[in-house]
Amino acid sequence: MDHFDHAFELEQALAAKGDTVRLDAVRDPARLADIHHIRQGDPLGLGHAVLCARHHVGDQPFAVLLGDDLIDPRETLLSRMPEVRDRHQGSVVALMEVPPEQIHLYGCAAVEPSGEDGVVRVTGLVEKPSRADAPSRYAVIGRYVLDPAVFGILEDVPPGRGGEIQLTDALQELAAGGTVHAVVFDGLRYDTGDKADYLRTVVRLACDRADLGPEFTAWLKEFVAGLEGTGAERGRFAA
Ligand code: G1P
C-alpha cells in the first residue's frame, strides 16, 4: 500500500538535492492508477481474498492478478482474456501445460475443445491434486477474468484444500454449469512463489534489462564458467 502512495519525506529530500531522476522513479507508482486497497485480515484463502473485494467490484466482470505470478509484458495474455469473456460470457481462466510432477502445485483443469484456437472449455477444476488424481496437465496460472456470479458461490463454498476458501472450488461450481473458458498460454511466465523460482526469475529479468542486462550477463557467464571450472579458477573468480 505504501509503495503506491506518496513518500513525502523521501520526495522532499530528493527534490532538495535536485535529483530529478530518482524523484521521478519514487513518484511513478503513485501516478500509475487510482488504487484502492482492502486488507484481507485473516489468511483464509484466495477465495476469501477475492470475496473481500466484493463491495468494491460490484456487479460487473473483474480481473484477478496474483502478484507472485509474473507474465512477461511482451505477452498478449491479458488482452486476450477479456476478449474471450466478451465472446463467451461467464468466467475465463488461464492455463499452462506443466510436467506431471508439478501439477500438485496448482489448480488443475479438465477441458474440452471450444472450437476456437487456443481457447478451451473448462469442464472441471480441482485444487492441487496429486499426480494420480489430476484430470490433465493443465495448470491454472494466476490470471482470471471472473463473472460477479462467483461472489455468491464464494460466500457459501466450504473450506477446501488446506482448510482455506479456495477460488478453484468456486470456479468448479461455475465450470459444472458450463460457464468457464480458458486461454491456453505457452509464453513467458515467471513464478516467484517459491524460493528457487524467485531466484531464477530475478536472474532472467536482470539479463533482459536494457540498462543492467549486458553487464550482468557478462558477469553471469564468467560466474558460471567459474562454477564449472577447477578449484583454482573458482578461487580466482572469488577474488
Ligand atoms: C493459487 C491457486 C491455484 C493456482 C495458483 C497459480 O495457489 O489456488 O489454483 O494454480 O495460485 O499460481 P497458490 O500458488 O497461491 O498456492
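What you are looking at is a predicted structure, and each value in this text was computed from that prediction instead of being measured. Counting starts at 1 for both ligands and their atoms, following the listed order. The figures here come from the full heavy-atom set of this structure, side chains too, leaving out hydrogens, waters and symmetry mates.
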- prompt: Quick one: do Asp197 and Arg200 make a salt bridge, cutoff under 4.0 Å?
  reply: yes
- request: Not counting sequence neighbours, list each pair that qualifies as a ring-ring contact (aromatic ring centres under 6.0 Å, His included) and has a residue in residues 50-71.
  value: His36-His56, Phe62-Phe151
task: With sequence neighbours left out, write down each residue that passes salt bridge (charged side-chain N to carboxylate O under 4.0 Å, His left out) with Arg22, or none if nothing qualifies.
output: Asp19
I'd like a table of the close N/O pairs between ligand 1 and the protein (anything under 3.5 Å), one pair per line with both atom names and the distance.
| residue | atom | partner | partner atom | Å |
| --- | --- | --- | --- | --- |
| ligand 1 | 7 (O) | Lys128 | NZ | 3.3 |
| ligand 1 | 8 (O) | Glu127 | OE1 | 3.4 |
| ligand 1 | 8 (O) | Glu127 | OE2 | 2.7 |
| ligand 1 | 9 (O) | Gly107 | N | 3.1 |
| ligand 1 | 9 (O) | Glu127 | OE1 | 2.7 |
| ligand 1 | 9 (O) | Thr168 | OG1 | 3.2 |
| ligand 1 | 10 (O) | Gly107 | N | 2.9 |
| ligand 1 | 10 (O) | Val140 | O | 2.6 |
| ligand 1 | 12 (O) | Asp69 | OD2 | 2.9 |
| ligand 1 | 16 (O) | Lys128 | NZ | 2.6 |

- request: May I ask you to say whether Arg121 pairs ionically with Glu112, meaning some side-chain N is under 4.0 Å from a carboxylate O?
  value: yes
query: Excluding sequence neighbours, so at least two apart, what forms side-chain hydrogen bond (donor to acceptor under 3.5 Å, both in side chains) with Ser130?
result: Asp133
field: Pair Glu116 + Arg87: basic N to acidic O under 4.0 Å
entry: yes
